[in-house]
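Any value given below was found using the heavy atoms of this structure, including those in side chains, with hydrogens, waters and symmetry copies removed. What you are looking at is a predicted structure, and each value in this text was computed from that prediction instead of being measured. Note on naming: letters A, B, ... go to the chains in the order of the sequence lines (proteins, then strands), and numbering restarts at 1 for each one.
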Amino acid sequence: MATDSREKRRFNFSGLLIRLREDSKVQGLALISPTLVYLIIFMIIPMILVVVISVLKRGTYGDIEYQFSIENYKRLIDPLYLKILTYSMWVAGLTTLITILIGYPLAYYIARVNPRQRSLLLFLILVPFWTNFIIRIYAWIMILRTEGLLNNFLISLGVIDLPLDLLYTPLAVQIGMVYEFLPFMVLPLYTSLEKIENAQLEAAADLGARPWRAFLRVTFPLSVPGIVAGSILVFIPAMGMFVVPDLMGGAKTMLVGNLIRNQFLTARDWPFGAAASMLLLLLTLAVTLIYTRKAGFGEDLLV
Amino acid sequence: MSEKKPSLFLRIYALFAYAYIYMPIVLLMIFSFNTQKLNIRWEGFTFHWYKELFQDQDVLLAVRNTLVIAIISTLAATIIGTLAALALQRYRFPGYTISESLLYIPVIIPEVVMGISLLAFFALIGVRLGLSTITLSHIAFNIPFVALVVRARLHGFDKSIEEAAMDLGANELTTFWRVTLPTILPGVMAGAMLAFTLSLDDYVITYFTAGPGSTTLPLRVFSMVRFAVTPEVNALSTLWVLTVFIILAIGQMLQHKNRNTTTKKERIK
C-alpha cells in the first residue's frame with residue numbers, strides 16, 4: 001500500500017512535466033507567471049492599499065486610524081481642491097494642445113525630408129528626449145529667473161528697465177511643461193505621418209485635389225492615431241506632474257500632483273492624499289478610455 | 001511620405017523649432033564654464049566646476065547608486081518582460097486578457113499614484129526604504145515597457161525556423177536557446193535599453209521609494225537645482241547631455257552599419 005502512494009506521487013510529478021511540454025496553455029501560463037506574481041505583489045496590492053487608505057481616517061499624529069470614513073472624498077469636493085483639480089486639467093490640456101500645434105509641423109517636416117536627413121533630425125529630437133527632464137527644466141529656470149539670462153539680455157538691449165517677473169508664475173509652469181513634453185508629442189506624430197503612403201497622396205493628386213485639400217482630407221485624418229497616442233503620452237503624465245510646478249511655479253500654482261505629494265510627505269495625511277490619488281486615477285482612466293475608444297491605442301506607433 | 005521637398009516655410013519653421021529645443025540646453029552647457037559662482041553674468045572661462053564635480057562625494061555616490069539600480073532592474077525586468085511577451089504573443093491561456101491589461105496599467109497610470117502606492121505598500125509590510133525598495137519599484141514599472149517593446153518586435157516572427165530546428169532533433173530548450181533567442185535578441189535589446197533609460201532617468205517613483213541615505217542622480221540633481229545652484233549643476237548637466245548624445249550616436253551608427261550590411265547581402269543575391 002505504501003509503495004502504491006509513492007508511485008502515484010512520482011507519476012503526478014512527471015505528469016506535470018509532460019503537461020508542460022505538450023500543453024501550450026500550461027506553457028503560456030508558465031511564461032507569464034513571473035510577471036503576474038511580480039505585478040500583483042508590487043502593483044495591484046499597493047493600488048488596493050491606496051483604495052483602502054482613502055476610506056480611512058487620519059490619526060492625530062499623522063498615522064492612520066482604522067476607521068471607515070468617506071470624509072476624505074467629501075473634503076475633495078471643497079471648492080479649494082476642485083479648483084486645483086480643474087487647474088491641473090487646464091494646464092495638462094493646454095500643454096497637450098500647444099505641443100500638438102508646435103509639434104505637428106515639425107513632425108510633418110521630418111516625415112517629408114529625405115531618409116538621410118531624417119535620421120539626423122530624429123537623432124536631434126531624441127537627445128533632449130532622453131536627457132533627464134530636471135536638467136531641461138533647470139535650463140529654463142536659468143533663463144527665466146529674475147537675474148536670469150532673458151532678463152539680462154532684455155535689459156542690456158534697453159528693451160526694459162526692470163527685470164520681468166517670469167519665474168514662479170503660471171506662465172513659467174506652462175513654458176516648462178510644453179518644453180518638457182514636446183518630444184513626447186513629436187515622436188508619435190512623426191511615426192504616424194511617416195506611415196502615410198505616397199500612393200494615397202498621389203491618388204488624391206490624380207483625382208484633382210489641391211495640396212491643401214489633400215492635406216485636410218487625406219494626410220490629417222490618417223495622422224489622427226499619432227495625435228491620439230501623443231496626447232495620451234502628454235496629457236496623462238502632465239496631469240500628475242508635480243516637479244515643474246515645484247521648481248518653476250510659485251505658491252499660486254498648485255497642481256494635483258503637488259497636492260498628493262504634500263499630503264504624503266509634508267502634511268502626513270495619507271488618507272486624504274490617497275483619496276486625491278483615486279480621483280486623479282479615475283480622471284486619467286476616463287480620459288484614456290474616451291481617447292482610445294475613438295482611435296485605438298496606437299501601440300504600433302511605439303515600434 | 002511624399003517625395004516632394006517640404007516647402008520653405010516648413011524648413012524655416014523646423015529651424016526655429018530645433019533652435020527652441022536646443023537653445024536652453026546649449027546655454028546651460030556654456031554657463032557650466034562660468035567663473036562666477038552665482039552664475040548670473042558671464043565672467044570668465046574655467047574648468048573649476050568640473051573638478052568640483054569629480055570631488056563631490058554625494059554626486060559620485062548618486063552616480064554609483066543610479067547605475068547599480070538601473071543595471072539590476074533592467075536585467076530582472078528584461079528577463080521577466082521577455083517571457084511575458086513570448087507568452088502573450090504565442091500562447092492562449094486562461095487569464096490572457098487579464099494579464100494583458102495588467103501590463104498596460106503602469107503605462108497609463110500617473111507616476112505620482114504609482115509612487116505613493118508603493119510607499120504605502122512598503123510602509124505596510126514594514127520594509128525600510130532604501131536602494132532595494134527603489135530597485136524593486138523600478139522593476140515593477142520596467143516589466144510592462146520591456147514586454148511592450150518585445151511584443152511589438154515579435155510580430156513578424158516566423159515560427160517555421162523553430163519547427164525546422166525541432167525537426168532536426170533539437171528539444172525545446174535547445175531550440176529556444178540557439179534559434180529563438182538569437183532571433184528576437186534585437187527586440188530584447190531594445191526593450192532592455194528602454195528599461196535602462198527609464199530607470200536611469202526616473203525621478204518621481206524613486207522620490208517616493210528612496211530612503212534618507214539612498215540618493216540617485218535624478219534626486220541629487222533635483223536638490224542641487226532647488227538648493228545649491230552653482231555652475232556645478234551646469235557641469236553635471238553638461239556631462240549628462242554629452243553622455244546621452246554619445247550613447248545615442250553609437251546606437252545610431254550601429255543601426256546604420258546593420259542596415260548597410262543587410263542591403264549588401266541582398267545585392268549579392
| said: At a 4.5 Å cut-off on heavy atoms, which part of A:Leu149 comes close to chain B: side chain, backbone, both, or neither? | reply: side chain

| field | Interchain contact, A:Ile137 with chain B, by part (heavy-atom threshold 4.5 Å) | value | neither

| Rounded to the nearest 0.5 Å, how far does CG of B:Leu219 lie from CD1 of A:Ile134? | 7.5 Å

| message | Please report the interatomic distance CD1(A:Ile135) to CG(B:Leu236), rounded to the nearest 0.5 Å. | response | 6.0 Å

| All salt bridge (charged side-chain N to carboxylate O under 4.0 Å, His left out) counterparts of B:Asp201, not counting sequence neighbours | none

| Applying a criterion of heavy atom separation less than 4.5 Å, what residues of residues 47-54 of chain A form contacts with chain B? | A:Met47, A:Leu49, A:Val50, A:Ile53

| Under 4.5 Å from a heavy atom of chain A, the part of B:Phe245 involved | both

| For A:Gly28 against B:Ala87, the heavy-atom pair lying closest together | O-CB, 3.6 Å

| said: For chain A, which candidate among B:Thr243, B:Leu118, B:Thr82 shows the most heavy-atom pairs at distances under 4.5 Å? | reply: B:Leu118

| message | Between B:Trp240, B:Tyr96, B:Phe141, B:Tyr18, who has the most heavy-atom pairs with chain A when the cutoff is under 4.5 Å? | response | B:Tyr18

| Non-hydrogen atoms of chain A under 4.5 Å away: do they reach the side chain of B:Tyr13, the backbone, both or neither? | side chain

| Would a 4.5 Å heavy-atom cut-off, applied to side chains only, mark B:Pro24 and A:Ile143 as touching? | yes

| field | Proximity breakdown for B:Ile116 and chain A, heavy-atom pairs closer than 4.5 Å | value | both

| note | With chain B, the option among A:Pro105, A:Ala274, A:Gly103 that has the most non-hydrogen atom pairs under 4.5 Å is A:Pro105

| query | Heavy-atom distance under 4.5 Å to chain A: side chain of B:Ala120, backbone, both or neither? | reply | both

| For B:Leu217, is it the side chain, the backbone, both or neither that has a heavy atom under 4.5 Å from a heavy atom of chain A? | neither

| How far apart are the closest heavy atoms of B:Ile25 and A:Pro128, and which atoms are they? | CD1-CB, 4.0 Å

| query | Side chain, backbone, both or neither: which part of A:Leu124 has an atom under 4.5 Å from a heavy atom of chain B? | reply | both

| said: I need the A:Ile44 CD1 to B:Ile105 CD1 distance, nearest 0.5 Å. | reply: 4.5 Å

| field | Pairs of heavy atoms under 4.5 Å with chain B: top-ranked of A:Asn114, A:Ile110, A:Ile125 | value | A:Ile125

| message | Are more than 12 heavy atoms, taken from residues, nucleotides or ligands other than B:Met29, located less than 6.0 Å from that residue's CE atom? | response | yes

| task | Identify the heavy atoms of B:Val229 and A:Arg145 that sit nearest to each other, and give their distance. | result | CG1-NH1, 3.9 Å

| In terms of heavy-atom proximity below 4.5 Å to chain A, should B:Met224 be classed as side chain, backbone, both, or neither? | neither

| query | Which atoms of B:Phe208 come close to chain A, meaning under 4.5 Å heavy atom to heavy atom: side chain ones, backbone ones, both, or neither? | reply | side chain

| query | Any side-chain heavy atom of B:Leu83 sitting closer than 4.5 Å to one from A:Ser33? | reply | no

| task | Please determine, among A:Ile236, A:Val287, A:Leu182, the option with the most heavy-atom pairs under 4.5 Å with chain B. | result | A:Ile236

| Part of B:Ile80 lying under 4.5 Å from any heavy atom of chain A | both

| query | Is it true that atom CZ of A:Phe123 has more than 12 heavy atoms of other residues, nucleotides or ligands lying nearer than 6.0 Å? | reply | yes

| message | Using side-chain heavy atoms (C-beta onward) and a distance below 4.5 Å, is A:Ile32 in contact with B:Leu88? | response | yes

| task | Indicate yes or no: at least one non-hydrogen side-chain atom of B:Phe93 is less than 4.5 angstrom from one of A:Val26. | result | no

| query | In terms of heavy-atom proximity below 4.5 Å to chain B, should A:Asn132 be classed as side chain, backbone, both, or neither? | reply | both

| note | Of all heavy-atom pairs linking A:Trp270 and B:Ala123, the shortest is CH2-CB, 3.8 Å

| said: With a 4.5 Å cut-off on side-chain heavy atoms, are B:Val112 and A:Ser277 touching? | reply: no

| Side chain, backbone, both or neither of B:Ser237 within contact of chain A (heavy atoms, under 4.5 Å) | both

| field | Ring centers of A:Tyr138, B:Phe222 separated by less than 6.0 Å | value | no

| remark: Comparing B:Ala77, B:Gly95, B:Pro106, B:Gly81 against chain A, the one with the most heavy-atom pairs below 4.5 Å turns out to be B:Pro106

| For A:Pro46 and B:Ser117, which heavy atoms make the closest approach, and how far apart are they? | CB-O, 3.3 Å

| Relative to the ring of A:Phe242, is the ring of B:Tyr207 parallel (under 30°), tilted (30 to 60°) or perpendicular (over 60°)? | tilted

| task | Could you tell me how the ring of A:Phe42 sits relative to the ring of B:Phe122: parallel (under 30°), tilted (30 to 60°) or perpendicular (over 60°)? | result | tilted

| Gap between atom CH2 of A:Trp130 and atom CG of B:Leu194 - 0.5 Å precision | 5.0 Å

| Minimal non-hydrogen separation, A:Thr35 against B:Ala84, with atom names | OG1-CB, 3.1 Å

| request: Could you grab the distance from atom CD1 of B:Ile108 to atom OG1 of A:Thr288, nearest 0.5 Å is fine? | output: 4.5 Å

| Highest number of heavy-atom pairs under 4.5 Å with chain A: which of B:Thr197, B:Ile109, B:Leu86, B:Val221? | B:Thr197

| said: Below 4.5 Å, heavy-atom pairs only: which of B:Val26, B:Leu248, B:Leu10, B:Val244 has the largest tally toward chain A? | reply: B:Leu248

| Over 12 non-hydrogen atoms of neighbours within 6.0 angstrom of OH in B:Tyr20 | yes

| request: Would you mind checking which part of A:Pro237 comes under 4.5 Å of any heavy atom in chain B, side chain (CB onward), backbone (N, CA, C, O), both or neither? | output: neither

| said: Heavy-atom cut-off 4.5 Å, strictly under: side chain, backbone, both or neither for B:Tyr91 against chain A? | reply: side chain

| query | What do you reckon, is CD1 of B:Ile98 surrounded by more than 12 foreign heavy atoms closer than 6.0 Å? | reply | no

| Out of curiosity, B:Ile125 CD1 to A:Ile45 CD1, how far, rounded to the nearest 0.5 Å? | 9.0 Å

| said: For a 4.5 angstrom cut-off between non-hydrogen side-chain atoms, does A:Met142 reach B:Asn234? | reply: yes

| Among the listed options A:Leu247, A:Thr284, A:Leu36, A:Ile260, the residue most often paired with chain B at heavy-atom distances under 4.5 Å | A:Leu247

| said: Given heavy-atom pairs under 4.5 angstrom as the criterion, report whether the side chain, backbone, both or neither of B:Ala249 touches chain A. | reply: both

| So, the side chain of A:Tyr38 versus the backbone of B:Leu136: is there a donor-acceptor pair under 3.5 Å, distance only? | yes

| Atom group of B:Met23 that falls short of 4.5 Å from chain A, counting heavy atoms | side chain

| Side chain, backbone, both or neither of B:Phe31 within contact of chain A (heavy atoms, under 4.5 Å) | side chain

| At a heavy-atom separation under 4.5 Å, does A:Asn151 approach chain B through its side chain, its backbone, both, or neither? | neither

